[in-house]
Amino acid sequence: MHSTFHASQHGPTLRQRLAANGFDAVTMLVLPAALFLVLLFIYPFAFGLVLSFEPKNTDASWLANYSRFFADPFLYETIAKTLWLSVPTTLINLFLAVPIAFRVRLMRNQRILTAILVLPITLGTVLVAEGLLNYLGPQGWLNRTLMTIGLIDQPVRLLHNYWGVFISLLLTGFPFTFLLTLSYVTGIDPALEQAAATLGAGAWQRFRHVYLPLLMPGFAITFCLSFVQAFSVFPSAVLLGAPAGPTRVISIAAYQAAFEEYDYSMASAIAMIMGFVQLAIVVAVLASRGLFYRGPASGAKG
Amino acid sequence: MTIALSQFDEVRLDHVSRDFGTLNALRDVSLTIKRGEFVALLGPSGCGKSTTLNCIAGLLPVTGGSIWLDKSRVDTLKPEERGFGMVFQNYALFPHLNVRQNIGFGLKMRGTARVEMERKIDEALALVRLQGQEHKLPGQLSGGQQQRVAIARAIVIEPPLVLMDEPLSNLDAKLRLEMRAEIRRIHNELGATTIYVTHDQDEALSLADRIVVLRDGMIRQVGSPKELYEAPAHLDVADFMGFRNKLKGKVISNHGGHAVIDVEGAQFRGLAREDLPVGTSAFVAIRPDDLMLTEPGGNALKATVETIEYRGREFVGTARSSQGADFVFRSHHSVEPGGSIHLTVADERVLIFADQA
Amino acid sequence: MIRDTTIGAKLWATAVWAVVGFFILNLFAMIGTVITSSFGTRWLGTWLPAGWTTRWYSSAWSEFQLGDVLIVSFQVVGLVVLISGVLGVTAAYALARREFPGKRLVMLLFLLPLLIPPITFGIPLATVLYQTGLAGTFWGVVAANLVPTVPFVILVMIPFIEQIDPKIEAAARVFGANTFKLFIHVLLPLLLPGILASLLLVLVRTIAMFELTFLVAGPTSQTLVVALYYAVFAAGVRAVQSIDAMAVIYMATTLIWLLVALRFVNPAQIVTRAKQQPAH
């Protein structure tokens, strides 16, 4: 029997070495999709960033777009206006979604409810805006009902102001927030709650001391994703809001710069600012996530 | 039986190695397997036995050496071009195909004519005794039945070589014995050349014509089950063959392979399996079955009983010597934990190995 | 599961269900308003229209050239589904089966287009497409819509591919299947449910994808949702009922596919499967 050790006559080939590091023909299958996204996602972002420093007026300084944005209240106020819409609606959606998710978790047939809730997401913001134009109008069913019940004497004005956009953000945002929350809530091993109950914890204590610490990271992510969606509100702000006044959100400013003034440089600058504000809030929320427990939430087997 | 296996004389692994990583590496493995032989690759996990099998199947590329089927080199071929049959550890049955389609998969890939294919599938089904189950999906079968499908799928293509990768490790103890007998029966009926990977020495001993013990990607010993069981060449092979008690001592004398070792004052005589100069450190290897309880005095090793378990026909206990060496013994009567015992062993049952460290 | 039976707990549960009920009631009422209006003759200051008619549908059809718009929509959606399927499934296969340096970076590349809202990356994307002359064309719309759908297919398919034992592929190889046969006889049948589910979701999302199409579409490359936006934006030019009829046609095209999709996927997947990834 040969058990002597002798150096192999030829070392591994380049192909073998690449394969050992995970680069073989199968890995290359990732290339078309990756290339496509580099071309149509990364490159436009980089291009937009560079373009935002090359103002349309070639004599202006490279920061002209940004200094103009932060000097003109018509422009810089869009940040506050957008936040004023997106933060309250996101918080309301999250605070409603949590207790409902805890309730729905106990349901045997969640499918019908989730199917109904997925409707506004599938129909999209344009259709919801179009529907609300009818429904919230002075002669719409909502005002009629409220007047019939006697809650109000004359129609409440809900269109072409802050509240129209606010309501549409609740209608399209809640299902999204809820379904995300539900997926986190159902991901927690019910045995943990049962263990807490056998140790004498009441319903509120179980929520406060078992679920909440485990769910905080999930809620933080849910908040971020919902907020980012709400912050980029566009069609409903135009159709339901007052696009020249209180609901002149940042995406409208970007759109107008690009497609009404044909100032792509300025539009890119605004898009970069929009992305930056979203990023800043997300980073702030996720950084605070570090304060909470992060790890498996399904007991020992997790 | 008309399942006729392709004719060839030998499979030869010529200095096969796989250089990547520390684990799953192979170093210079050479081995020749004759037609009709049942060879078991035995070793602990990570020893390279599955890597060897996957290299032969073509699922892992070799980085040195070559694999030959008689005069034709096969290690450069793709797995689908080698034509071997393989039984996987978790069976790897196609979950969307029924039993018939699973067994017929290899024939279909080869473009076998329909009538012939049906005939061969029927024969394979009969061979593994699965008639009547043929239209079920794998998910509807028990573990043992899935195993039979996996075996039928491997032999129906009449491969020159059948590769089995720990085929019984997913079965419970009773079924494992049953399937072991089945594999033996099918091998006897067909005479298929088989390479069988396992970490279970009982399986290897009972099934194989020849056993190859691997460790750290190298071959440690090759031999018949009887040779390996009675005369392991190294301490780790002995350990694998059931010599669970390894007591460290000093070589007092060594005459023509018959050595005397002093272990904590007790003297053991036995067969030296390696070069053992007097005065060097060595290991005495003894099977638990061979340690017998005896009266105090003479050459007996004194120890304290730690645990004792009832195993039906006998008791199995663990004990610790005054110097702290742990060992396992068997006894026909119970002894109290904490009590003192004296153990002895017949000289011909003792093997002595050099202390490698 | 632990259910409380105290009065407080029951009140709490009732309150929770009341909120859900209120939400769903308003949602259905909103949809109901659109449908009612589209079939009404004159509807001013009453609960229901004065009479019923279907003529708004034919007028919407001709006024908004819905025939052309629908053809463009289905062509865009069809191509997006097809291309994102091919690009997405192949990339997902590589990511599910191989570990390689830089894999996390590639995963990030596929996550970002799903996390960043379309309007944020849509404006730089539209700028680039206008520079290259692709914007306004049919292919520009298809390309823009692929940016979020390719990553979506990838993220839905990765766990699906991961759950298929690689040993099954090894077995197919050993038993004589080359790459093509392996794909046809083993991978495709096993992956079909996942591919179907992810592509149906892509289809539903693309029909409703407003922002990207809006930013890059020209007059001849509008999809239904963009046409609807312009119609609502220019309200007053056309009869409200006509716009509502168009909205109902849009809803029908979306909901038919949603119903088909719901046969194959859990509704929560429309939101969560892709969005859950960053949690880990």
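Numbers restart at 1 for each chain; the letters A, B, ... are given by sequence-line order, proteins then strands.
For A/V26, the parts lying near chain C are the backbone and the side chain together; criterion is any non-hydrogen pair under 4.5 Å. Contacts of C/I123 with chain A are made by side-chain atoms alone, with heavy-atom separations under 4.5 Å and no backbone atom involved. In this structure, the portion of C/F210 lying under 4.5 Å from any heavy atom of chain A is its side chain and not its backbone. For C/I243, the parts lying near chain A are the backbone and the side chain together; criterion is any non-hydrogen pair under 4.5 Å. Looking at C/T254, the atoms closer than 4.5 Å to chain A (heavy atoms on both sides) all sit in the side chain, from C-beta outward. Interface remark: C/V232 contributes backbone and side-chain atoms alike to the contact with chain A (heavy atom separation under 4.5 Å). Of the atoms belonging to C/L215, heavy atoms from both backbone and side chain fall under 4.5 Å from chain A. For a residue to count as touching a neighbouring chain, one of its non-hydrogen atoms must lie under 4.5 Å from one of that chain's; by this rule C/A126 touches chain A with the side chain only. The contact between C/F233 and chain A is made by backbone and side chain atoms together, counting heavy-atom distances below 4.5 Å. With a threshold of 4.5 angstrom between heavy atoms, C/L146 approaches chain A through its backbone and through its side chain. Residue contact with chain A, scored on non-hydrogen atoms closer than 4.5 Å, involves the backbone and the side chain of C/L112 alike. With a 4.5 Å cut-off on non-hydrogen atoms, C/V240 touches chain A through its side chain but not through its backbone. With a threshold of 4.5 angstrom between heavy atoms, C/S84 does not approach chain A through any atom at all. At a 4.5 Å heavy-atom cutoff, the contact between C/V106 and chain A is made by side-chain atoms alone. Only the side chain of C/W17 comes within contact range of chain A, with at least one heavy atom under 4.5 Å from a heavy atom of that chain.
Side-chain rings of A/F219 and A/Y184 stay apart, their centers remaining 6.0 Å or farther from each other. Aromatic rings of A/F41 and A/F36 (six-membered ring for Trp) have centroids beyond the 6.0 Å cut-off, not under it. Annotation: A/F227 is in aromatic contact with A/F231 [ring centroid separation under 6.0 Å].
Of the listed residues (A/E130, A/M274, A/M28), the one with the most heavy-atom contacts under 4.5 Å to chain C is A/E130. Among the candidates A/P32, A/G48, A/S232, A/G124, the residue making the largest number of heavy-atom pairs closer than 4.5 Å to chain C is A/S232. Annotation: maximal heavy-atom pairing with chain C below 4.5 Å, among A/A46, A/A25, A/P99, occurs at A/P99. Ranking A/F47, A/Y135, A/Y264 against chain C, the residue ahead of the rest is A/Y135, based on heavy-atom pairs under 4.5 Å. Looking only at heavy-atom pairs under 4.5 Å with chain C, the residue among A/L119, A/I42, A/T125, A/I167 that has the most is A/L119.
A side-chain donor-acceptor contact under 3.5 Å links C/R173 and C/T179.
Relative to the ring axis of A/Y211, A/R206 does not place its NZ or CZ within 45° and under 6.0 Å from the centre.
Enclosure of atom CH2 in A/W141 by more than 12 non-hydrogen atoms of other residues, nucleotides or ligands within 6.0 angstrom is indicated.
Interatomic distance, CZ of A/F95 versus OG1 of A/T181, reported as 11.5 Å (0.5 Å rounding).
Of all non-hydrogen atoms in C/P148 and C/F121, the two that sit nearest each other are CD-CZ, 4.5 Å.
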